[in-house]
Amino acid sequence: MGNPKQSHVFLLYGEESYLIQENRNKIIEKTLKKEDREFNISQYDLEETPIEDAITDAETFPFLGEGKVVIAYHPVFLKAKPDKLAFEHDTDAFLEYIENPADYTVLIVIAPYEKLDERKKIFKSLKKNAEIISCQPVKEWDMDKWVQTLAGELNITIPEEIHELFAQEVGTNLMALRKEMEKLALNVGEGGVVTRELAEQLLSHSAEASGLKLVDAVMEKNLARAIQIYKDLEKLNEEPIALTALLASQFRIISQAKVLKQKGYAQNQMRGYIKAHPYVIKMALKRERYFNSEELDRIMEELAETDYILKQGKMEKSLAFEMLLYRLIHIKQQKISI
C-alpha cells in the first residue's frame with residue numbers, strides 16, 4: 001500500500017490504541033526533527049472540526065523547519081454509517097488533497113473504529129495514494145509475542161511459563177499491558193527478572209481472572225486459598241451476589257466446553273456457541289477435565305441455591321458465600337473419597 005518513506009498521507013485505523021499511538025509516534029519521528037515538533041504538529045478532531053480546516057493547514061507552509069505533521073482524528077465519513085454532526089465535511093476537498101498532497105506535510109488520519117466502509121470512493125483513493133496501517137486488537141494467540149516484545153523494550157525478562165498470567169489478568173489490551181509491565185519494570189529494575197509471585201502481587205486483577213482463580217481453588221480442593229481470594233475481593237468491594245454470578249458464568253462456560261468437546265468440536269469452533277473471549281474458552285478447556293458432568297450439574301445447582309439465598313436475604317452474605325465455597329470443594333472431595 002505504498003512506501004512509508006514516500007507517503008505524505010497515512011491512515012491508521014482499528015481499536016487498539018497502543019498500536020495507533022506507536023505508529024503515530026514513529027511517523028512523527030521519521031518526519032520531524034525533535035526541535036521542530038513543538039511548532040509543526042497540529043491536531044484536529046473531525047467530530048468537532050470540518051476536514052477542510054485540516055486540509056487548509058496541511059497546505060500551509062511550515063512555520064519553522066522543513067516540514068509539518070497534521071493529525072486528523074475521528075474521520076466519521078469513512079464509517080459505513082457516519083455519526084450525525086452539526087456540520088458537513090467537504091470530503092471532495094479531502095479527496096483532492098489525497099491525490100495531490102503537499103510535499104512538505106505529512107497528514108495522519110486516525111480512525112479508531114473496528115471497520116471502515118471500503119466501498120467508498122474516499123477509502124479507495126486512500127488505498128491507492130496513502131499508507132494504510134491496521135491497528136486492530138491483538139489476538140489471544142499473539143500474546144506471547146507481545147509480552148516478549150514489550151519486555152524487550154523495557155529491558156526486563158519475563159519467563160515464558162508466566163506469559164499466560166498476563167493474558168489472564170490483563171487481557172489483550174496492549175495499552176493496559178504496557179502500563180502493567182512498566183509497573184513491573186520499575187519494581188525489578190533494568191535487566192531484572194519478573195517472578196510469578198511478583199506478577200501475581202502487582203498485576204491489576206480483572207473480574208474474569210478472579211473468577212478463574214476461585215474455580216482453580218475449587219478444582220484443587222483448596223478451601224483456604226478460595227477464602228483468601230474471596231477476602232481479597234471483598235477488600236475491593238466485590239459483592240457476594242456478583243461473585244456468585246461470576247462463578248456461575250465460569251462454570252457454565254466450563255460445562256459448555258465439556259459438552260462441545262465430547263461432541264468433537266475444536267476450540268476455534270466453540271466460539272460460535274460459547275459467547276466468551278477465546279482466552280476464556282481456552283482456560284475452560286484446561287479446567288473441564290477436572291470435573292465430570294454430574295459434578296458440574298451439582299455445582300450449578302449450588303450456585304443457583306446460593307444466588308437465591310443472597311437475593312432473599314436469608315443469610316448474612318459473606319457467610320453464605322464462604323459456605324458456598326465449602327460445598328463446592330466438598331463436591332470435588334466426594335469424588336476423591338469414592
Side-chain angles (χ1 to χ4, degrees), residues 140 164-165 167-172 200 204-263 265 267 269-336:
E140 174 261 321
E164 201 171 82
L165 192 62
Q168 179 175 309
E169 296 286 6
V170 187
T172 57
E200 285 183 345
S204 298
H205 305 304
S206 67
E208 288 80 4
S210 300
L212 285 171
K213 283 181 182 175
L214 280 171
V215 170
D216 286 346
V218 171
M219 198 168 75
E220 294 158 8
K221 305 178 292 298
N222 190 336
L223 183 61
R225 172 141 174 81
I227 289 175
Q228 184 58 56
I229 293 166
Y230 166 54
K231 294 296 183 189
D232 290 343
L233 290 166
E234 206 175 25
K235 288 174 191 169
L236 298 171
N237 298 317
E238 292 287 351
E239 283 287 327
I241 289 175
L243 290 172
T244 302
L246 183 62
L247 268 179
S249 167
Q250 295 291 348
F251 275 108
R252 193 175 297 111
I253 291 167
I254 289 169
S255 188
Q256 289 173 324
K258 188 170 198 70
V259 169
L260 291 170
K261 184 181 173 184
Q262 287 169 347
K263 290 183 177 179
Y265 286 83
Q267 183 183 326
Q269 295 172 310
M270 292 181 187
R271 291 179 63 187
Y273 298 87
I274 303 175
K275 304 303 177 192
H277 190 280
Y279 178 77
V280 176
I281 298 172
K282 179 184 173 184
M283 291 296 101
L285 283 168
K286 280 192 172 185
R287 287 161 174 78
E288 63 81 22
R289 70 187 78 146
Y290 291 93
F291 302 91
N292 62 38
S293 299
E294 185 188 339
E295 285 172 341
L296 289 168
D297 288 343
R298 287 190 58 199
I299 285 169
M300 293 308 294
E301 285 170 14
E302 290 287 358
L303 287 160
E305 177 66 20
T306 300
D307 183 64
Y308 174 77
I309 289 168
L310 289 168
K311 287 176 179 173
Q312 295 295 315
K314 290 179 179 284
M315 191 185 293
E316 196 273 318
K317 288 179 179 179
S318 185
L319 177 62
F321 192 77
E322 287 185 30
M323 286 185 68
L324 166 69
L325 293 174
Y326 173 81
R327 289 198 302 276
L328 295 183
I329 285 166
H330 188 62
I331 287 169
K332 285 299 296 171
Q333 285 176 329
Q334 279 185 330
K335 188 191 174 191
I336 300 299

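Remark: side-chain polar atoms of Lys261 are not paired, donor with acceptor, to backbone N or O of Glu288 under 3.5 angstrom. Looking only at distances, no side-chain donor or acceptor of Ser255 sits under 3.5 Å from a matching main-chain atom of Phe251.
The structure places CG of Leu319 at 11.0 Å from CG of Leu324, a figure rounded to the nearest 0.5 Å. To the nearest 0.5 Å, atom CG of residue Leu328 and atom OG1 of residue Thr306 are 7.0 Å apart. To the nearest 0.5 angstrom, Leu214 atom CG is 9.0 Å from Arg225 atom CZ. Here the CG-CG distance, from Leu285 to Leu260, works out to 9.0 Å after rounding to the nearest 0.5 Å. Rounded to the nearest 0.5 angstrom, Ile274 CD1 and Gln267 CD are separated by 9.5 Å. In this structure, CD in Glu294 is found 8.0 Å from CG in Asp297, a value given to the nearest 0.5 Å.
Taking each heavy atom of Ile329 and Leu223 in turn, the nearest pair found is CD1-CA, 3.4 Å. Summarising the geometry of Ala257 relative to Met270, their closest heavy-atom pair is O-CE, 3.7 Å, with the distance given to 0.1 Å. Pairing each heavy atom of Phe291 with each of Lys258, the nearest pair is O-NZ, 2.8 Å. Closest of all the heavy-atom pairs between Gln262 and Ser293 is NE2-OG, 4.0 Å. The shortest non-hydrogen separation linking Leu310 to Ala320 is CD2-CB, 3.8 Å. The two residues Thr244 and Leu303 come nearest to each other via the heavy atoms CG2-O, 3.7 Å.
Glu305 is linked by a side chain to side chain contact (heavy atoms under 4.5 Å, CB included) to Ile309, counting only residues two or more places apart in sequence or in another chain. Applying the side chain to side chain donor-acceptor pair (under 3.5 Å) criterion to Gln256, with sequence neighbours excluded, gives no partner residue. Contacts of Gln228 classified as side chain to side chain donor-acceptor pair (under 3.5 Å), with partners at least two apart in sequence or in another chain: Asp232. Partners of Lys311 according to the side chain to side chain donor-acceptor pair (under 3.5 Å) rule, which considers only residues two or more places apart in sequence or in another chain, are Asp307. For Glu220, there are no salt bridge (Lys or Arg N to Asp or Glu O under 4.0 Å) partners, not counting sequence neighbours. Listed by chain and number, the residues in a salt bridge (Lys or Arg N to Asp or Glu O under 4.0 Å) with Glu302 are Arg327 (sequence neighbours excluded). Every salt bridge (Lys or Arg N to Asp or Glu O under 4.0 Å) that Lys231 has, sequence neighbours left out, goes to Glu234, Glu322. With sequence neighbours left out, the side chain to side chain donor-acceptor pair (under 3.5 Å) criterion links Lys317 to no other residue. For the salt bridge (Lys or Arg N to Asp or Glu O under 4.0 Å) test, residues two or more places apart in sequence or in another chain that qualify with Arg287 are Asp216.
Sorted by first and then second residue, the pairs that involve residues 303-322 and meet ring pair (Phe, Tyr, Trp, His ring centres under 6.0 Å), not counting sequence neighbours, are Tyr230-Phe321. Residues in residues 241-252 take part in no salt bridge (charged side-chain N to carboxylate O under 4.0 Å, His left out) pair, two or more places apart or across chains.
For the pair Met283 and Val215, the minimum side-chain heavy-atom distance is 4.5 Å or more. Counting only heavy atoms from C-beta outward, the side chains of Leu247 and Ile299 never approach each other to under 4.5 Å.
No more than 12 heavy-atom neighbours from other residues, nucleotides or ligands sit within 6.0 angstrom of CE on Met323. With a 6.0 Å radius and a threshold of 12 heavy atoms from other residues, nucleotides or ligands, Gln312 has its CD atom above the threshold.
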Report task. In sequence, state the C-alpha distance, the side-chain angles, and the governing distance for Ile331 and Val218, and then conclude on side-chain contact (heavy atoms from CB on, under 4.5 Å). Result -> CA-CA 9 Å; Ile331 287 169; Val218 171; over 6 Å; no
